[in-house]
Enquirer: 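The structure is given below, and queries will be raised subsequently.
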2 protein chains.
Amino acid sequence: MANAGKPDWSGCPTRYAAGIVGDKWCFLLLRDVLLHDKRTYRAFLASPEGISTNILANRLSKLEALGMFTREPDPRKASSVCYFPTQKAKDFLPALLSMMVWATRYDEVTEAPPSFAESFKEDPDGTIAWYEAKMDRVDQALRSS
Amino acid sequence: MANAGKPDWSGCPTRYAAGIVGDKWCFLLLRDVLLHDKRTYRAFLASPEGISTNILANRLSKLEALGMFTREPDPRKASSVCYFPTQKAKDFLPALLSMMVWATRYDEVTEAPPSFAESFKEDPDGTIAWYEAKMDRVDQALRSS
DNA sequence: TAACTACACTTGCATATTGCAAGCGCCTTG
DNA sequence: CAAGGCGCTTGCAATATGCAAGTGTAGTTA
């Protein structure tokens, strides 16, 4: 695996973050959960980057082990499964948005509208709160269905 | 290689960031340059995570190709080499600090003092400026020696 | 000036991780 | 009770990594 799950990658904050987010698939799964409201295996699998199913299974259990996701039965269909972000994952949102601002600036063919970076710069807390509220709505709706 | 260097990993800001920082070694090299004032091959090699020399060479050229680092002769010894951060790399600092705040919160054995997260939260721009100024001092001193 | 050293990589090779395609067991649905 | 969807698991070839050793080029020393 992409090592760095736990042992001795603690201590230094950057190294700790690198141990989780320094893997493109974990990084993208975090995006899917925090920004794109994806909660199921199928949904993750359908992301345009094309993760393969063995890697997806591996990363989902890694993220669960790291306390980023919880694995729960799907309220809509008991045979199915949902992955929900924990508080630890939700708290990663500001860092994710910061990286998106940076990427928006340097990716020549970015699909992000300029308004995104502007609104984050003008009111970071408000932007974060907006995404958090959206996430909470999604999760509450899903859980109580 | 960890793929995702350029082709079709543009567009989505998260994917663009994942293509660069979604690799633990690139991530840690960025830390070494932005935070720990490292500028030489030897210095990178000496980081406690123990990158191997072929991977280091590979990532340095990747980061150079991505416009994050510039490769220049060492002013102190012409036969030696320095890697300097570009503006693109320097602009990644806010995102890096955000991730460190997150890591500091969730890594049970973090070595970062609580004051770090606090000062960033109280005055993010000031904290960023402080690290930028430090970097600029380092680079200016090195370049004019 | 010939040997020595430091530096920035390369190379070879064993091992680990990935990507792809197929398969499996468990519901649910018709 | 046959068919299909879902969440994985398995096998295998291709790729990337880690480790140790080697290479080429400048300076430095004797």
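In what follows, every chain begins at residue 1, and chains take the letters A, B, ... in the order their sequences are listed. Basis for what follows: all heavy atoms, side chains included, without hydrogens, waters or symmetry-related copies.
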Enquirer: So which one's nearest nucleotide on DNA chain D is more toward 5', A/C82 or B/K77?
Expert: A/C82
Enquirer: Which whole-number value in Å describes the distance from B/N58 CG to D/dC19 P?
Expert: 16 Å
Enquirer: Calculate the interatomic distance between B/L56 atom CG and D/dA16 atom P; express it in whole Å.
Expert: 18 Å
Enquirer: Taking A/K62 first and then A/D23, would you say they form a salt bridge - that is, a charged N and a carboxylate O separated by under 4.0 Å?
Expert: no
Enquirer: Is the phosphate of C/dG19, meaning OP1 or OP2, less than 4.0 Å from a side-chain N or O of A/R59?
Expert: no
Enquirer: Within 45 degrees of the ring normal and closer than 6.0 Å to the centroid, is that where the cationic atom of A/R143 sits relative to A/F84?
Expert: yes
Enquirer: Is it true that B/K90 and B/D136 have a side-chain N and a carboxylate O under 4.0 angstrom from each other?
Expert: yes
Enquirer: With respect to the phosphate group of D/dG7, does any side-chain polar atom (N or O) of A/S80 fall under 4.0 Å of OP1 or OP2?
Expert: yes
Enquirer: How many Å lie between CD1 on A/I51 and P on C/dT18, as a whole number?
Expert: 10 Å
Enquirer: Establish, with yes or no, whether the OP1 or OP2 oxygen of D/dC8 is under 4.0 angstrom from a side-chain nitrogen or oxygen of A/R71.
Expert: yes
Enquirer: Rounded to the nearest Å, what distance is computed from the NZ atom of residue B/K38 to the P atom of nucleotide C/dC7?
Expert: 15 Å
Enquirer: Specify the separation, in whole Å, of atom CZ of A/R39 and atom P of D/dC6.
Expert: 18 Å
Enquirer: With no hydrogens and no angle check, is any side-chain donor or acceptor of B/R71 less than 3.5 Å from a backbone partner on B/E64?
Expert: no
Enquirer: Using atom CG of A/L60 as one end and atom P of D/dC8 as the other, report the distance to the nearest whole Å.
Expert: 7 Å
Enquirer: Determine whether any donor atom in the side chain of A/R42 lies under 3.5 Å from an acceptor atom in the base of D/dG7, or the reverse, and answer yes or no.
Expert: yes
Enquirer: Looking only at atom types and distance, does a side-chain atom of B/K88 sit under 3.5 Å from a main-chain N or O of B/L66, one as donor and one as acceptor?
Expert: yes
Enquirer: Nearest nucleotide by nearest heavy atom, which residue falls closer to the 5' end of DNA chain C, A/N54 or A/S79?
Expert: A/N54
Enquirer: Is any side-chain N of the basic residue among A/E49 and A/K24 closer than 4.0 Å to the acidic one's carboxylate O?
Expert: no
Enquirer: Looking at B/Y83, does any N or O in its side chain come under 4.0 Å of the phosphate oxygens OP1/OP2 on C/dC9?
Expert: yes
Enquirer: Categorize A/F44 for me: base, sugar-phosphate, or nothing, with a 4.0 angstrom heavy-atom threshold over every strand shown.
Expert: nothing
Enquirer: Among the nucleotides C/dT18, D/dG18, D/dA21, which one has an atom lying closest to any side-chain atom of B/T53?
Expert: D/dA21
Enquirer: Is A/R76 near enough to D/dG5 that one of its side-chain N or O atoms lies under 4.0 angstrom from OP1 or OP2?
Expert: no
Enquirer: In whole Å, what is the span from the OH atom of B/Y41 to the P atom of C/dT10?
Expert: 8 Å
Enquirer: Quick one: do B/E132 and B/R137 make a salt bridge, cutoff under 4.0 Å?
Expert: no
Enquirer: Of the options C/dG19, C/dC9, D/dT17, whose atoms approach the side-chain atoms of A/I55 most closely?
Expert: C/dG19
Enquirer: For the backbone of A/M68 and the side chain of A/T86, can you confirm whether one donor and one acceptor N or O come within less than 3.5 Å of each other?
Expert: yes
Enquirer: In whole angstrom, what separates B/K24's NZ from D/dT17's C1'?
Expert: 9 Å
Enquirer: In residues 27-35 of chain B, which ones come under 4.0 Å of DNA chain C, going by heavy atoms?
Expert: none
